[in-house]
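No experiment lies behind these values; they were computed from the predicted model shown. The figures here come from the full heavy-atom set of this structure, side chains too, leaving out hydrogens, waters and symmetry mates.
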Amino acid sequence: MRIRTRRTTAVGVTLLTALALLPASGAGAAPKDARPSGGGLHATIRYTEYGIPHILAEDYANLGFGTGWAQAADQVCTLADGYLTVRGERSRHFGPDASPGSALSSASTNLGSDLYFRGVREAGTVEKLLAQPSPAGPSRRTKELMRGFAAGYNAWLKQNRITDPACAKADWVRPVTALDVARHGFAVQVLGGQGRAIDGITSAAPPSPAPPSAPQAGATARRAAPDPRRTAEAARELFSSQDADMGSNAVAFSGRTTANGKGLLLGNPHYPWQGGRRFWQSQQTIPGELNVSGGSLLGTSVVNIGFNGDVAWSHTVATGVTLNLHQLTLDPSDPTVYLVDGERRKMTRRTVTVPVKDGAPVTRTQYWTRYGPVVTGLGAQLPLPWTSTTAYALNDPNAVNLRGSDTDLGFGKARSTAGILKSLRETQGLPWVNTVAADRHGHSLLSQSQVLPRITDELAERCSTPLGKVTYPASGVAVLDGSRGACALGSDKDAVQPGIFGPSRMPTLQDAPYAENSNDSAWLTNADHPITGYERIFGTIGTQRSMRTRGAVEDVAAMAEKGDLTVRDLQRQQFANRVPAADLAADDAAKACAALPGGTATGSDGKAVDVREACQVLARWDHRMDTDSRGALLFDRFWRKLTATVPNAQLWKVPFSSADPVRTPNTLDTSLPGFRTALADAVTELAAAGADVDDPLGAHQYVVRGGKRIPVPGGTESLGVWNKIEANWDKKAGYTEVAHGSSHIQAVGWNSGGCPEARTLLSYSQSSNPNSPHHSDQTTLYGKERWVTSRFCERDILRDPELKVVRVRERR
């Protein structure tokens with residue numbers, strides 16, 4: 001590709017020198033292993049409308065510098081909070097019992113978070129990964145980016161005054177090192193593995209010796225052993241996408257379906273609207289080397305989802321289970337010794353001390369095995385008790401994977417979907433996502449190329465414990481017999497690390513008319529070309545799809561069949577706001593409602609509720625979740641209550657059929673008592689929130705920014721809306737804030753010119769600082785279903801009437 005951004009052009013622009021303001025107030029001294037980075041790095045940042053930076057640098061270290069500077073300018077408090085987490089210092093500043101948030105782990109308290117991340121730090125885990133040569137370890141380019149990112153963050157702190165009230169005078173906002181940046185990246189990599197089990201890792205302790213009068217150990221172990229059926233159900237729920245706080249839709253169309261024979265991509269990730277898993281937009285350019293635009297997870301020095309002049313890609317959270325368990329047989333005389341082929345193996349102890357605010361330091365010991373840490377649960381709902389005879393160890397292959405940024409860099413440099421596959425094959429760095437891509441040559445792609453434990457169905461059949469024989473089919477969570485060496489995970493010849501699947505085993509579909517994913521398994525990527533033959537750990541085959549997948553496949557299949565698609569069609573799909581659940585159930589619900597004797601239904605409190613107006617509203621509703629749709633709010637609250645109380649198998653008259661997975665199940669069973677109860681409760685609930693059943697959705701689904709209400713379109717997971725929005729319900733005011741949903745949206749295609757045709761939208765805007773002009777500007781656009789026209793080529797950047805050019809550099 002010809003790089004259109006030239007350094008000589010950039011130098012010719014009028015440059016505005018970055019102001020050197022006061023340093024951050026109260027910044028504390030850096031710890032011994034966190035001395036600020038140096039090196040005299042510099043970059044040029046061109047800001048276009050909505051505060052989107054276009055970062056121009058001469059090499060990777062300087063590109064990282066500009067990226068770290070620009071991210072700090074928009075998100076310094078969120079970044080600093082993340083670095084505090086991976087340093088294991090939350091308890092020192094906020095106390096041990098407060099919640100650390102879910103951005104970097106599942107830890108329920110600061111103490112649990114600190115115990116884990118201090119353990120990682122003191123074990124030198126990330127340092128060992130950085131020391132591994134590429135491709136098993138990160139490349140020199142990635143290390144240079146991390147070094148530069150730390151230096152850019154530090155330079156911004158030194159030269160600017162923090163205006164975000166979240167950390168304006170906080171003593172925990174401090175300079176960082178490249179190692180801090182790498183530790184943050186490690187935390188993101190293990191979110192689906194060790195990150196799920198932090199409480200279970202940090203609280204794991206061997207059983208105390210039983211007193212003489214206590215029951216025998218065997219009886220105690222039997223009573224304490226997890227119930228297989230309950231554990232299987234808990235595992236299924238834990239790894240389900242239905243209630244997850246991250247998801248996504250993405251579709252790639254091949255040239256056979258488009259107006260000009262070139263590919264099209266629509267990416268719609270569903271991520272949190274607050275905290276450290278927000279996306280941030282930028283363009284990164286090293287002339288002649290790299291030119292890529294898109295969204296980066298905060299703290300990431302590369303573009304994670306985006307496009308360049310030839311190819312566009314997005315990710316969806318995959319169904320592959322990124323961990324497995326090994327059930328350990330313990331030495332009866334010592335529960336910290338486990339047996340492998342009859343040989344005794346002593347667990348490794350990691351003793352960690354955490355400083356605590358206004359209290360004595362807390363010291364705990366973690367126990368590690370050849371398989372990974374001993375764990376006593378995957379969340380509160382899935383206990384794995386450590387008894388005198390049995391313990392469980394967690395294997396997370398992403399705990400030795402720091403290659404994700406190299407995969408992303410490969411995407412940024414790719415010139416086709418073949419280049420995307422090449423990066424996936426050579427780096428093998430993505431932990432928990434699928435990749436969907438399209439290119440200007442007309443190719444489409446979906447690949448579930450994840451780093452997964454190499455659990456084949458044959459291995460699971462041969463080595464599963466009684467517990468594993470129910471958890472693996474139900475959820476993909478394998479529980480293997482850790483006492484048998486023959487049950488160790490094997491290796492594929494094309495895998496860059498032992499114990500994972502190689503690229504040749506990954507579910508992949510190339511050049512189909514459309515390739516779509518909405519967080520179900522790869523099976524129904526294209527309804528006419530289903531993907532089969534993969535191992536259970538990747539996901540299911542021939543099972544019921546989510547309502548969102550069903551609606552998405554209906555939509556994109558119809559689009560592909562119509563043909564002559566353009567970027568405008570992608571934009572329409574994003575904000576179609578069609579409710580697939582309503583198309584299946586709303587008309588039947590309205591008819592059954594109108595037939596209720598006396599126009600009343602009895603609520604869960606036993607009181608009769610007049611539902612006559614609700615029946616009429618449902619009958620008139622347009623089956624959309626637009627902000628002006630009347631009836632949307634009523635159906636939303638009704639459907640949530642109905643699906644929460646009536647099992648899916650009882651909800652429909654026509655059951656699921658794998659021969660017709662998009663259209664089944666269907667036909668709502670309105671004779672169920674739960675139907676009338678849900679209807680009555682919804683009407684009652686709306687009245688309590690000050691809402692009339694005929695109010696438009698936007699009157700009660702909104703966010704407040706700068707004291708102003710911004711109505712928000714979209715709907716919840718169970719409704720199946722492409723434009724997913726999960727909002728927090730206030731009993732007195734309705735949906736007043738969005739927890740997670742549509743985030744960095746991009747609709748990308750190509751025309752005959754050299755520039756990609758791209759429309760983007762960052763739903764929650766660039767900055768979490770309420771004093772920033774870019775705190776809510778794109779949120780306002782999102783509420784109005786409007787887009788930002790991407791400025792990728794040099795001429796478009798320079799034509800922006802709001803162009804602001806800043807040269808940034810280290811000052812010693």
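- Here the closest heavy-atom approach between residue L719 and residue M625 is recorded as CD1-CE, 4.0 Å.
- L618 places none of its side-chain heavy atoms less than 4.5 Å from the side chain of D587.
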Point to revise | Working for side-chain contact (heavy atoms from CB on, under 4.5 Å), residues Y50 and Q766 | key: CA-CA 8 Å; Y50 305 104; Q766 279 283 81; 5.9 Å; no
Exercise for review: Could you please spell out the steps behind the side-chain contact (heavy atoms from CB on, under 4.5 Å) verdict for V302 and T142?
Suggested key: CA-CA 9 Å; V302 295; T142 289; 5.8 Å; no
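- Checking each of T549, T525, T543 against D520 for a side-chain hydrogen bond (donor to acceptor under 3.5 Å, both in side chains) leaves exactly one that passes, namely T549.
- Between M246 and H740 there is no side-chain heavy-atom pair separated by less than 4.5 Å.
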Exercise for review: Could you walk me through whether N291 and Q283 pass side chain to side chain donor-acceptor pair (under 3.5 Å), step by step?
Suggested key: CA-CA 7 Å; N291 195 14; Q283 182 176 2; 2.8 Å; yes
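- D457 has no carboxylate O lying under 4.0 Å from a charged side-chain N of R536, or vice versa, which leaves the two without a salt bridge.
- Of all non-hydrogen atoms in L266 and L570, the two that sit nearest each other are CD2-O, 3.6 Å.
- Inspection of the D555 and Q573 side chains reveals an N or O donor paired with an N or O acceptor under 3.5 Å.
- By the 4.0 Å N-to-carboxylate-O rule, E794 lies too far from R799 to be salt-bridged with it.
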**Study point:** Pair S718-T716, side chain to side chain donor-acceptor pair (under 3.5 Å): steps then yes or no
**Key:** CA-CA 6 Å; S718 63; T716 188; 4.7 Å; no
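- The pair E289-K413 counts as a salt bridge, with a side-chain nitrogen and a carboxylate oxygen less than 4.0 angstrom apart.
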Exercise for review: Check the pair T435 / H315 against side chain to side chain donor-acceptor pair (under 3.5 Å), numbers first and verdict last.
Suggested key: CA-CA 5 Å; T435 300; H315 296 305; 3.3 Å; yes
Check your understanding: Yes or no on side chain to side chain donor-acceptor pair (under 3.5 Å) for Q284 and T67, after CA distance, side-chain angles and deciding distance?
Key -> CA-CA 8 Å; Q284 295 183 317; T67 304; 3.0 Å; yes
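- The nearest pair of heavy atoms linking L297 to R277 is CD2-O, 3.7 Å.
- By the 4.5 Å heavy-atom criterion applied to side chains, L424 and F411 are counted as neighbours.
- Ion pairing between E554 and R663 fails under the 4.0 Å rule for side-chain N and carboxylate O.
- Between V788 and the options T48, I745, T760, a side-chain contact (heavy atoms from CB on, under 4.5 Å) holds for only T760.
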